[in-house]
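Remarks on the structure that follows.
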2 protein chains.
Amino acid sequence: MAGSAVTIRDVARLAGFSVASVSRVLNESGKVTDETRESVMKAVNALGYSPNIAARSLSTARSQAIGVVLPDMHGEFFSELVRGIDRAASESGYLLLLSNIHADPAMADHALAAMRGRVDGVIVMAPQLAETERERALPRGMPAVLINSPGNQGHHALRIDNAGGVKAMVGHLLDTGRRTIVHFGGARQNFDAFERQQAYREAMAELAPELPVRVLEGTFDEASGAALAQRLIDEGLPVDAILAGNDMMALGALFTLRNAGVSVPEQVAVAGFDDVPLARFLDLSTVSVDIVGLGTRAVELLLETMNAATQPPRTELSNTRLILRASTQKAT
Amino acid sequence: MAGSAVTIRDVARLAGFSVASVSRVLNESGKVTDETRESVMKAVNALGYSPNIAARSLSTARSQAIGVVLPDMHGEFFSELVRGIDRAASESGYLLLLSNIHADPAMADHALAAMRGRVDGVIVMAPQLAETERERALPRGMPAVLINSPGNQGHHALRIDNAGGVKAMVGHLLDTGRRTIVHFGGARQNFDAFERQQAYREAMAELAPELPVRVLEGTFDEASGAALAQRLIDEGLPVDAILAGNDMMALGALFTLRNAGVSVPEQVAVAGFDDVPLARFLDLSTVSVDIVGLGTRAVELLLETMNAATQPPRTELSNTRLILRASTQKAT
DNA sequence: TTGAAAGCGCTACCAC
DNA sequence: GTGGTAGCGCTTTCAA
């Protein structure tokens with residue numbers, strides 16, 4: 001292993017003390033005289049010693065590391081989530097052991113197993129993994145917190161508040177006088193897409209039961225949003241608002257409408273979900289999710305679990321914020 | 001430590017074999033009869049056993065993990081780089097130990113020290129850390145590969161080919177008839193900003209020594225690009241091309257010019273560097289860097305170092321690609 | 001082919 | 001306050 005050359009024994013020998021004392025100095029545990037501390041530290045510096053953490057882990061039965069298992073994601077969401085997790089983890093003295101799992105369940109098994117003994121707990125985001133598969137893959141007794149993953153057997157879980165976000169946006173569209181609001185949904189298998197579609201239906205039913213409900217199903221990408229918008233244009237544009245399941249679809253719709261000479265927001269309002277950086281540039285109204293906060297909170301919950309395993313599992317919703325920009329607001 | 005309940009000894013007991021045999025089965029080392037293998041595997045499954053990797057690391061002196069030390073970055077660059085590193089690492093059976101270092105050199109020390117004994121090598125991106133500080137923080141004998149970091153004492157290093165990218169773009173601008181090309185530079189302390197500015201001067205000197213050279217210094221963000229563009233407008237726009245040090249500056253310039261009624265690219269061409277996702281949406285010509293490839297390559301070099309420490313250190317440049325879009329091309 | 005046992009580097013307990 | 005040492009869970013000789 002890298003850097004293993006000098007061990008605690010070398011330090012002890014050079015300092016003229018026992019390994020026990022060296023350990024005490026390094027861990028600030030137990031009593032040592034200033035003299036002892038000084039000789040030990042001198043030896044440490046002279047040798048460029050840093051302790052072997054694997055050995056320490058083995059001895060203390062804790063690794064001071066948190067496992068993070070994420071799907072293969074692109075862009076902002078990934079970096080923000082990792083940033084949040086890292087921030088909270090390093091504040092508490094934990095390092096991150098990262099593993100991307102791709103669609104394959106066998107990889108999840110492998111990734112989780114590989115973490116055994118190197119982490120004190122894991123944060124798992126596996127929207128594509130069935131609950132049973134996930135639980136089988138999770139090593140026995142490994143504290144875990146779930147993010148946007150199906151089921152919640154015995155673990156704390158965190159979810160994006162899709163329902164709250166969508167409902168707020170539907171409310172805004174209604175408040176600004178929209179009457180025929182169509183939803184562009186993502187693929188059915190996608191957990192967030194599913195929840196957002198549900199939320200749209202519920203919000204309409206609750207806030208404006210007399211108004212028509214319509215869902216067009218797409219795939220959460222720009223091209224799909226463009227195609228669906230084109231379909232509406234071909235129909236003679238029988239709508240005055242498009243609530244897309246995510247920003248990329250919304251942007252696709254935005255471009256297509258503008259290219260077709262439809263004025264946004266005058267004729268049609270367009271709204272997204274996620275608040276990707278592009279949204280700000282293109283003046284798209286959307287729902288923003290506090291991703292950094294999601295990561296931070298996941299760490300908090302995990303630490304709580306690790307320190308008191310018998311907490312009843314909770315599911316929390318992460319905050320969501322309505323971001324109103326030009327794409328839904330008539331100029332005043 | 002998490003999941004430590006069942007050990008190799010429990011498996012051995014249940015299987016009716018020694019721990020040595022269990023180890024052999026699990027590692028596919030040495031000879032075992034099919035019977036033995038079978039009983040062992042049965043016991044493993046029954047107990048839900050997975051080996052404690054910290055113990056294995058200690059015993060084998062290798063951890064099958066790679067340390068990744070990155071600055072606190074936002075967005076696409078971070079996720080793409082980690083994706084590339086993760087992809088290559090997991091293909092070779094390595095896990096990633098991640099640590100964000102912030103500006104503080106003490107944190108770098110801490111992060112690197114914390115990796116000792118848990119990783120077989122590290123990939124370090126520390127553009128803000130002086131070479132001496134970095135080398136002091138790096139535990140003795142730890143194989144390391146540098147990304148976009150100053151100096152290269154004894155380590156393989158990878159850099160973005162800023163010079164090549166800028167030169168190609170300058171060439172393109174000249175080819176399309178631009179004659180007064182001004183460069184919007186980033187902050188002087190920023191390594192990439194510095195290199196790109198240098199490259200601009202060199203490219204101009206080489207390709208068009210008769211043309212004027214002008215650099216306006218900014219800060220690599222949108223507002224800065226906007227401000228510098230405004231300055232040019234106030235001067236009566238004595239340029240026909242803006243080569244920004246990065247995309248965000250270019251976008252700031254783009255908006256400001258358009259709002260001022262300046263037509264891009266007819267009156268002024270605008271080019272960036274990085275190819276952020278926004279660039280495609282806003283039809284900005286730019287230079288794209290293969291970030292995933294950068295990460296992948298870093299892992300390859302690291303594995304090479306770990307397996308044959310006595311290679312002479314090399315510095316490689318990562319490929320760069322000219323992306324030509326509407327912002328620099330006169331419509332034909 | 002299998003088992004016993006010696007470490008890997010460290011921490012923590014127990015004596016002094 | 002300090003040192004000796006047993007173990008943490010695993011791999012890997014060395015004998016049998």
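Here is the naming used below: chain letters follow the sequence lines, and residue numbers restart at 1 for every chain. Computed from a predicted structure; not experimentally measured.
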Just compare [options] and give me whichever is closest to any side-chain atom of [X].
X       : options               : answer
A:Pro51 : D:dG3, D:dT5, C:dC10  : C:dC10
B:Leu58 : C:dC10, C:dC8, D:dT12 : C:dC8
B:Ser59 : C:dC10, D:dG1, D:dC10 : D:dC10
B:Asn52 : D:dC10, D:dT2, C:dT11 : D:dC10
A:Arg24 : D:dC10, D:dG3, D:dT11 : D:dG3
B:Arg9  : C:dG3, C:dT11, D:dC8  : D:dC8
A:Ser21 : D:dT2, D:dG9, C:dT2   : D:dT2

Counting only heavy atoms not in [X], do more than 12 sit closer than 6.0 Å to its [atom1] atom?
X        : atom1 : value
B:Arg314 : CZ    : yes
A:Glu131 : CD    : yes
B:Asp109 : CG    : yes
A:Asp290 : CG    : yes

Report task. Answer with base, sugar-phosphate or nothing: what part of the nucleic acid does A:Thr36 contact at a heavy-atom distance below 4.0 Å? Result ->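 Contact class for A:Thr36: sugar-phosphate only.
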Query - Sugar-phosphate only, base, or nothing, as touched by B:Thr33 at under 4.0 Å among non-hydrogen atoms - result: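 Sugar-phosphate, no base atom in range.
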**Report entry** Phosphate OP1/OP2 of D:dT11: any B:Thr60 side-chain N/O under 4.0 Å
**Finding:**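 Looking at the OP1 and OP2 atoms of D:dT11, neither is under 4.0 Å from any side-chain N or O of B:Thr60.
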Query raised in the report: Can you find a side chain N or O atom of B:Ser18 that sits less than 4.0 Å from OP1 or OP2 on C:dG3?
Result: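 It does, given that an N or O in the side chain of B:Ser18 lies less than 4.0 Å from OP1 or OP2 of C:dG3.
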What's the [atom1]-[atom2] distance between [X] and [N], to the nearest Å?
X        : N      : atom1 : atom2 : result
A:Lys31  : C:dA15 : NZ    : P     : 22 Å
B:Ile53  : D:dG9  : CD1   : P     : 14 Å
A:Arg37  : D:dG1  : CZ    : C1'   : 12 Å
B:Arg56  : D:dT11 : CZ    : C1'   : 9 Å
A:Arg62  : C:dA12 : CZ    : P     : 10 Å
A:Arg13  : C:dC10 : CZ    : P     : 12 Å
A:Leu26  : C:dA12 : CG    : P     : 12 Å
A:Arg116 : D:dC10 : CZ    : C1'   : 11 Å

Report task. Could you say whether B:Ala20 or B:Ala55 is positioned toward the 5' end of DNA chain C, judged by the nucleotide with the nearest heavy atom to each? Result -> B:Ala20
Query - From CD1 (A:Ile8) to OH (A:Tyr49), nearest 0.5 Å - result: 4.5 Å
